[in-house]
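All chains are named by letter (A, B, ...) in the order of the sequence lines, taking the proteins before the strands, and each is independently numbered beginning at 1. All figures in this text were calculated on a predicted structure; none of them were measured in a lab. When reading the values below, keep in mind they use all heavy atoms of this one structure, side chains included, and skip hydrogens, waters and symmetry mates.
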Number of protein chains: 2
Amino acid sequence: MARLKDDTKIQSIHDAACNLLLKKGFDGLKMADVAKQAKLATGTIYIYYKTKEDLINALFTAIKQEISNELLHPKNQKTDFFSTFKSMWFAYFNYCINKPQNMLFVEQFYHSGLLTSQTLTITDTLMQPVYKFIELAQKNDIVRNLDVYFIQAQIAGAIHEIVKVSLTKKAKLTKTSIQHCFYMAWNSIRK
Amino acid sequence: MARLKDDTKIQSIHDAACNLLLKKGFDGLKMADVAKQAKLATGTIYIYYKTKEDLINALFTAIKQEISNELLHPKNQKTDFFSTFKSMWFAYFNYCINKPQNMLFVEQFYHSGLLTSQTLTITDTLMQPVYKFIELAQKNDIVRNLDVYFIQAQIAGAIHEIVKVSLTKKAKLTKTSIQHCFYMAWNSIRK
DNA sequence: TTTATAAATGAATAATTATTCATTAATTTT
DNA sequence: AAAATTAATGAATAATTATTCATTTATAAA
């Protein structure tokens, strides 16, 4: 018999926080600014999150979940490793291009000291299926034999930096250059 | 006829700031903490830097200069592209392994909104010789034909993420795995 | 339609952190 | 050795920003 919490507000708050981070850097991530950007009163954020740290942990987890869903989506499951890898690579690459603010949020806060160990455990678990997928390819002699964490670092690290270059406008991503980027990734890990 | 500024203090302040960032994330980068870590009084930092923003810009520039010196050191100049590339790759990889705090400092502040455009211009200029070096290899059909900013992003991005994995202790870098990492880099860009 | 309940507000407050400044300590020059 | 000058100190202050709370508003249930 009362007003209900509004799920769209959670999305607004998340979007506002990420967009502010992209626009102003983490120095621009003030609770009042987030509220303003989300078109809410400052206090409203505290109805949805107990503290700023809570907000950051929730947002980090939500983004990681979204990325995991994207990667593990059935549409990426092809009949051979190369095709599946290609599909997943493009899924992640496009995610980063389309939501660079989310990519940067995760990067900025991973080493921020603001994430709880629970958050780190949960988000690491989300990636396990991807690691299993790579390990299988290694057993089948398709992928270089190296700890999967480094394989994933090679692929993701390169994507992140490429997208960041594209953000600075130092260079422009075209259909051709994106193909190059994919084959850089593939050639780096294939046997 | 008076006391002189002490250059070793600048180094202390720089080291303190980077080490705090590595240990506590950018939330731990408080002027008072930096001073304490550098074994100085809070006010002393303000003799060397006008503001916190000044300190960050100076430190960013100093690290970029150090990296540039490392990369362009004559010892890396070999007779062929592959050998020179290999030498430079290891120089940068080892720099990141040995001074991850510096690597993280640069990464965290590049999109922080705290760097002046002057700082960004200066530090970009420092990398120009490296870009020229890659462009020459492209003309000689040794390296994939893609904007050098993306080539450099591919190499540096992968290194950063690999070093970060190693920092989290999720996986350990051995002589063998480092060799793998190098060949991932080389295979990604070679023609 | 009324009532009960919780969301929403935003100014006020609390907490945090950058910066200043009066004072002291060093050290260079004469 | 004394004087002059500037570095160094750290407590006090100013500025910034997270959080609270008294009040208002919206809405689900009766």
| A41(A) side chain: which of dA8(D), dT9(C), dA8(C) is closest? | dT9(C)
| If you look at every strand shown and take non-hydrogen atoms under 4.0 Å, does L29(A) touch a base, only sugar-phosphate, or nothing? | sugar-phosphate
| For K50(A) and dA7(C), what is the distance between atoms NZ and P respectively, to the nearest whole Å? | 16 Å
| note | I13(A) CD1 to dA7(C) C1', in whole Å, measures 12 Å
| remark: Rounded to whole Å, the CG-C1' distance (D33(A) to dT16(D)) equals 11 Å
| query | CD of Q37(B) versus P of dT17(C): gap in Å, rounded? | reply | 16 Å
Output side-chain donor-acceptor pairs under 3.5 Å for residues 77-100 of chain B, partner residues at least two apart or in another chain, one line each.
residue	atom	partner	partner atom	Å
K78(B)	NZ	K75(B)	O	3.1
D80(B)	OD1	S83(B)	OG	2.6
D80(B)	OD2	S83(B)	N	3.3
D80(B)	OD2	S83(B)	OG	3.1
T84(B)	OG1	K78(B)	N	3.1
T84(B)	OG1	K78(B)	O	3.4
T84(B)	OG1	D80(B)	O	2.9
S87(B)	OG	N76(B)	OD1	2.9
Y92(B)	OH	H160(B)	NE2	2.5
N94(B)	ND2	F90(B)	O	3.1
Y95(B)	OH	E66(B)	OE1	2.5
Y95(B)	OH	N102(B)	ND2	2.9
N98(B)	ND2	N94(B)	O	3.0
K99(B)	NZ	E66(B)	OE2	3.1

| message | According to ring pair (Phe, Tyr, Trp, His ring centres under 6.0 Å), who are the partners of Y48(A), at least two apart in sequence or on a separate chain? | response | none
| said: Can you tell whether the side chains of D6(A) and K9(A) come within less than 4.0 Å, N to carboxylate O? | reply: yes
| field | Nucleotide dA18(C), atom C1' - distance to OH of Y49(B) in whole Å | value | 17 Å
| query | Within the structure shown, what part of the strands sits under 4.0 Å from Y48(A) by heavy-atom distance: base, sugar-phosphate, or nothing? | reply | sugar-phosphate
| message | Using the side-chain heavy atoms of R3(B), tell me which of these nucleotides is nearest: dA7(C), dA25(C), dT9(D). | response | dA25(C)
| Is K64(B) paired with D124(B) through a side-chain N to carboxylate O contact shorter than 4.0 Å? | no
| task | Consider the side chain of Y46(A), meaning its heavy atoms from C-beta on, and name the nucleotide among dA18(C), dT20(D), dA8(C) that approaches it most closely. | result | dT20(D)
| task | Take the protein atom NZ of K9(B) and the nucleotide atom C1' of dT9(D), then report the distance between them rounded to whole Å. | result | 11 Å
| With respect to the side chain of K52(A), which nucleotide from dA8(C), dA8(D), dT19(D) is positioned closest? | dT19(D)
| Quick one: on DNA chain C, does A32(B) or L4(B) contact a more 5' nucleotide (nearest heavy atom)? | A32(B)
| query | Under 6.0 Å between the ring centres of Y131(A) and Y149(A)? | reply | yes
| task | Specify the separation, in whole Å, of atom CD of E53(A) and atom P of dA18(D). | result | 13 Å
| request: Starting at atom CG of L20(A), determine the distance to atom P of dT17(D), rounded to an integer number of angstrom. | output: 12 Å
| remark: I47(A) has its side chain closest, among dA8(D), dA8(C), dT17(D), to dA8(C)
| field | Residue T44(B), side-chain atoms from C-beta onward, closest of dA8(C), dA8(D), dT19(C) | value | dA8(D)
